[in-house]
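Structure first, commentary second.
When a ligand or atom number is given, it counts from 1 through the structure's own listing order.
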Amino acid sequence: MKKIAFFDTKPYDRESFDRLNDGRYEIKYFETRLTAAALPLADGCDAACAFVNAEIDRAVVEGLVKRGIKVLAMRCAGYNNVDFKAAYEAGLTVVRVPAYSPYAVAEHAAALLMTLTRHIHRAAVRTKDFNFSLVGLTGFDLHGKTAGVVGTGKIGRIFADICKGFGMRVLAYDAFPNPTSGLEYVTLDKLLAESDIVSLHCPLLPETKHLINADTLAKAKRGFTLINTSRGGLVDSEALLAALRDGTVGAAGLDVYEEESEWFYEDRSDVTRQNKTLSLLVSLPNVIVTSHQAFLTHEALANIAGTTLKNLDDYFAGAPLENEICYRCLGTGGAAKANCPRRANGRCHRLEGNR
Ligand code: NAI
């Protein structure tokens with residue numbers, strides 16, 4: 001039976017994977033993240049499974065391959081934390097779960113937005129203390145406002161539909177606009193200048209790092225609400241903090257944070273003050289931080305487990321790998337993937353034995 005070294009395990013992961021595995025793999029669950037220091041835990045395994053905050057750099061890639069592991073199953077959609085060049089060169093196949101529930105993430109973005117616009121987080125704290133005052137809780141209607149959606153893939157388009165449901169005007173920005181989406185595409189500058197709320201749904205890439213920074217914030221509509229459920233690195237946190245303080249940004253709902261890997265998913269209540277920017281952000285009444293939980297629904301967890309196990313089934317059966325991410329085509333699908341010069345037998349990587 002093939003063995004999987006499963007890193008960064010939480011009780012909810014284990015429950016969904018055990019239910020769907022049905023005994024076909026021996027899954028060794030580890031609480032630690034996949035880092036170079038954790039590699040010895042993978043000894044004797046045939047595959048590794050990791051999550052968003054793993055650090056899959058060259059040392060980890062080569063350490064896995066040295067241990068005879070030729071497949072890394074990422075149980076997430078984003079893949080900014082994987083050194084694909086190193087993976088290709090070392091002969092490590094990387095698969096992922098491209099979509100598990102875009103609804104979960106888009107709905108969480110909407111939940112952050114609604115909570116902020118109507119101060120629900122503050123009202124809930126007040127009423128628990130039998131304080132029923134409404135002073136300071138005046139919100140604003142979303143109806144008639146403008147939403148700017150940055151990144152109009154699976155999640156961004158669902159979020160745009162939710163906004164339209166509220167009666168909002170929706171502006172969109174994407175490096176690769178989708179002509180069939182029915183969305184009104186504008187430049188990023190125009191989107192920032194005209195949007196009352198801006199929600200980020202593009203991947204973290206070198207060209208999108210700190211997309212929201214002091215310069216772009218200066219072009220934004222004063223007092224806008226920023227929602228980020230995509231990746232923390234899209235926002236320069238220091239610049240955001242300054243903009244929240246001077247009123248450039250009216251409120252921020254952040255499910256991700258650029259240095260989250262040190263903090264998120266764990267109880268860090270004993271050491272929170274060590275990250276000054278994060279401490280200041282969470283302390284502001286007009287900021288909500290959630291711990292990268294937008295994906296966390298029963299439906300998404302079942303889809304993550306099902307797709308990850310299917311990816312591994314396909315890998316070990318030598319079948320085409322629908323969800324492979326490759327250094328050349330980055331698994332972007334469509335033409336890029338079909339034309340990947342390294343794609344043979346439905347795989348971008350050469351099949352084992354052909355290396
Ligand atoms: P997707 O791949 O369907 O869509 C991404 C969109 O971003 C595409 O339309 C693409 O053209 C666009 N894009 C690419 N480069 C861009 C650029 N430079 N500027 C503007 N747009 C650009 O991805 P999906 O499924 O909608 O996910 C979006 C992001 O959400 C992921 O990259 C991931 O980081 C994040 N995510 C967060 C989760 C959470 O729990 N908080 C869970 C799942 C995904």
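Looking at heavy atoms from C-beta onward, Leu211 lies out of side-chain contact with Thr216 at the 4.5 angstrom threshold. In this structure, Ile227 and Thr225 have side chains that are in contact, with non-hydrogen atoms separated by less than 4.5 Å.
Note on residues 22-71: pairs passing ring-ring contact (aromatic ring centres under 6.0 Å, His included), not counting sequence neighbours, are Phe6-Tyr29, Phe7-Phe30, Phe51-Tyr265, Phe51-Phe295. Among pairs with a residue in residues 27-42, those fulfilling salt bridge (charged side-chain N to carboxylate O under 4.0 Å, His left out) read Arg33-Glu55, at least two apart in sequence or across chains.
Around ligand 1 you find Tyr100, Val105, Gly151, Thr152, Gly153, Lys154, Ile155, Tyr173, Asp174, Ala175, Phe176, His201, Cys202, Pro203, Leu205, Glu207, Thr208, Thr229, Ser230, Arg231, Asp255, His292, Ala294, Phe295, each with a heavy-atom distance below 4.0 Å.
Every residue two or more places apart in sequence or in another chain that forms a ring pair (Phe, Tyr, Trp, His ring centres under 6.0 Å) with Phe130 is listed here: Phe132.
When every heavy atom of Arg96 is checked against every heavy atom of Thr307, the shortest pair comes out as O-CG2, 4.3 Å.
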